[in-house]
Novice: 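So that we are looking at the same thing, I have put the structure below in structure tokens.
All chains are named by letter (A, B, ...) in the order of the sequence lines, taking the proteins before the strands, and each is independently numbered beginning at 1. These numbers come from the heavy atoms of this one structure, side chains and all, not from hydrogens, waters or symmetry mates.
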2 protein chains.
Amino acid sequence: MAGLQRYMAALRLFNEAQPTWTVPDMADALGAPQSTVYRTIRDLLAEGLVEASTDARYRLGPAFIEFDRLTRLTDPLLRAGAHVLEQTVAQAGLPCVGLLSRLYADEVMCIADRASGDARFFPSYERGRPMPLTQGATSKVILARLPARRLAKLLAHAGKAQDAALKSEMATVRRQGFLVSRGEIDAGLAGLAAPIVCEESGLVASLSLVVEAERLDGFSESRLVLMLVSAAAMIEKELQTTSGAPLLPREREKVAREA
Amino acid sequence: MAGLQRYMAALRLFNEAQPTWTVPDMADALGAPQSTVYRTIRDLLAEGLVEASTDARYRLGPAFIEFDRLTRLTDPLLRAGAHVLEQTVAQAGLPCVGLLSRLYADEVMCIADRASGDARFFPSYERGRPMPLTQGATSKVILARLPARRLAKLLAHAGKAQDAALKSEMATVRRQGFLVSRGEIDAGLAGLAAPIVCEESGLVASLSLVVEAERLDGFSESRLVLMLVSAAAMIEKELQTTSGAPLLPREREKVAREA
DNA sequence: CACTATTTCTCAATTTTTGAGAAAAATACG
DNA sequence: CGTATTTTTCTCAAAAATTGAGAAATAGTG
């Protein structure tokens with residue numbers, strides 16, 4: 001294996017179940033000779049991607065926390081939506097976890113989670129955890145707002161068929177502008193989600209709320225959905241104004257010409 | 001430039017001031033031909049380390065959020081100390097920000113920050129931000145507990161001289177077990193820190209509290225220091241027992257789900 | 001100090017990367 | 001909808017880096 005792939009293959013060995021590795025074990029797992037793995041580790045160490053632990057073991061390094069901070073500071077969705085997410089959870093009036101998620105490269109990923117003070121459950125979703133593409137309100141409202149071509153490519157890439165049930169659900173989302181699902185991800189929990197789309201920044205995302213299914217009667221459901229939809233709209237508006245980011249090259253040219 | 005370095009040099013272009021880049025701009029900044037940078041970006045894309053933004057721009061990708069989550073879940077200090085950090089901030093009784101920081105490869109880095117609800121200031125320190133090695137109580141209590149040899153190496157590597165003032169402060173820390181500094185990092189703020197050391201896991205860290213300097217009279221200072229020192233001791237004890245890695249129930253569930 | 005475990009180094013063969021420009025693909029524009 | 005422009009991929013031989021096996025060095029331990 002060559003180039004970046006070799007380094008990433010080594011990094012992806014580190015996981016929740018086995019957060020530290022010795023070089024011989026890595027060599028086994030990667031099917032590479034130890035001398036090669038030592039070289040790999042040396043390079044990763046120099047870049048802060050791994051750090052030495054005790055007993056000749058290595059673990060993931062500080063570079064990831066550093067890059068994650070950058071991501072937190074610069075992600076347009078997070079910058080536009082963190083405040084609204086907090087408010088939404090505060091005003092929900094029942095134990096809940098709010099999520100901000102987005103299509104990120106080829107996967108749906110939660111990029112912010114916020115639990116109400118009285119939430120006593122833990123949804124599977126949390127910041128940094130990739131989500132199933134075709135399950136749960138959170139993901140489905142995102143897929144529903146994707147351009148048809150991109151959606152097809154995405155599902156093909158993930159090896160998922162686009163079945164009739166999914167299609168009809170996505171039509172529903174496009175019509176009503178939100179989606180509620182029960183027990184699709186975690187038993188006993190329900191998800192309510194509204195899409196967030198910003199053409200200018202090429203962003204397709206969702207704001208969602210996870211609550212205990214038994215607490216979700218018809219009345220609170222419609223109240224929460226209303227909240228979510230208007231909160232999502234606020235984030236969309238914020239995205240447009242905030243995107244006062246760098247002018248596109250062409251626009252800059254135009255401005256210069258007119259001046 | 002070769003191997004991993006080339007990829008990292010490209011990644012390190014992305015920063016707070018310029019979070020998105022075009023390939024030609026990257027080529028300029030890196031002094032490399034565009035065709036090479038296109039290849040680099042293609043590889044980074046495939047690994048999720050960058051993602052395509054709009055207008056032929058690229059930004060940091062989802063892989064960093066994913067790896068950061070792993071770090072959060074598996075860092076022994078975070079696992080042992082997150083709860084204590086929260087409690088410490090809650091019981092401080094004045095507006096404050098609590099920090100959990102540790103020596104990470106060659107730098108001191110904050111890995112968890114927690115503000116009290118009434119905190120109206122923002123310390124420079126936050127999760128993922130590397131800290132000055134020799135400034136602030138947070139860093140100094142860590143340096144003070146480092147083996148002399150390792151400290152010398154660290155300071156040499158960072159190009160810092162080990163002056164008399166620093167030496168005496170470190171002696172103070174070793175004697176009294178904590179350190180208080182005022183305005184060393186942020187004007188008007190004070191830092192109080194206690195060291196956390198765990199030989200078994202090779203970890204040297206600190207628990208610290210940032211408060212407004214004017215609110216810190218002699219009485220509250222000694223009260224907070226007492227709190228910090230005992231909280232740090234609790235984390236140390238937790239580190240020793242936890243290091244056998246008995247997963248918390250919620251974590252066990254997660255692992256099962258992922259498998 | 002000797003013993004073991006860990007890490008770095010050496011070297012020629014092999015594989016990859018490199019850069020310049022051509023070609024292709026995607027996108028913008030009228 | 002075709003045309004112009006921008007963005008991205010591809011091609012190829014030369015240059016450079018990586019590879020693996022084992023030797024050598026270093027660190028760690030009783």
Novice: Cut-off 3.5 Å, no hydrogens considered: what does the side-chain donor-acceptor table look like for residues 31-46 of chain A, sequence neighbours left out?
Specialist:
from: T40(A); atom 1: OG1; to: R6(A); atom 2: NH1; distance (Å): 2.9
from: T40(A); atom 1: OG1; to: T36(A); atom 2: O; distance (Å): 3.0
from: D43(A); atom 1: OD2; to: Y7(A); atom 2: OH; distance (Å): 2.6

Novice: Restricting to non-hydrogen atoms, name the atom on I65(B) and the atom on G128(A) that form the minimum distance, rounded to 0.1 Å.
Specialist: CG2-CA, 3.5 Å
Novice: How far does CG of L207(A) sit from OG1 of T138(A), to the nearest 0.5 angstrom?
Specialist: 9.0 Å
Novice: Tell me the interatomic distance from Q34(A), atom CD, to dT7(C), atom P, rounded to whole angstroms.
Specialist: 10 Å
Novice: May I have the distance from I41(A) (atom CD1) to dT7(C) (atom C1'), rounded to whole angstrom?
Specialist: 12 Å
Novice: In this structure, how many angstroms lie between the C1' atom of dT8(C) and the CG atom of L44(A), rounded?
Specialist: 16 Å
Novice: Of the nucleotides dT8(D), dT6(C), dC9(C), which one has an atom closest to the side chain of R42(A)?
Specialist: dC9(C)
Novice: Distance check needed: dA27(D) C1' versus R150(B) CZ, whole Å only.
Specialist: 15 Å
Novice: Between D25(B) (CG) and dT8(D) (P), how many Å, whole number?
Specialist: 12 Å
Novice: Check salt bridge (Lys or Arg N to Asp or Glu O under 4.0 Å) between D75(B) and all other residues, then give those that pass, not counting sequence neighbours.
Specialist: R102(B)
Novice: Over how many whole Å does the gap from M26(A) atom CE to dT7(C) atom P extend?
Specialist: 11 Å
Novice: Once the angle between the rings of F64(A) and F67(B) is folded into 0 to 90°, is it parallel (under 30°), tilted (30 to 60°) or perpendicular (over 60°)?
Specialist: parallel
Novice: If you compare every side-chain N and O of Y38(A) against the phosphate oxygens of dT7(C) (OP1, OP2), does one of them come in below 4.0 Å?
Specialist: yes
Novice: Might you point out which heavy atoms bring S206(B) and I196(B) nearest each other, and give the distance in Å?
Specialist: C-CD1, 3.9 Å
Novice: In whole angstrom, what separates W21(A)'s CH2 from dT7(C)'s P?
Specialist: 16 Å
Novice: At under 4.0 Å between heavy atoms, how does the protein contact nucleotides 17-25 of chain D? Give one character per nucleotide, 5' to 3', with B, S or -.
Specialist: SSBBBB---
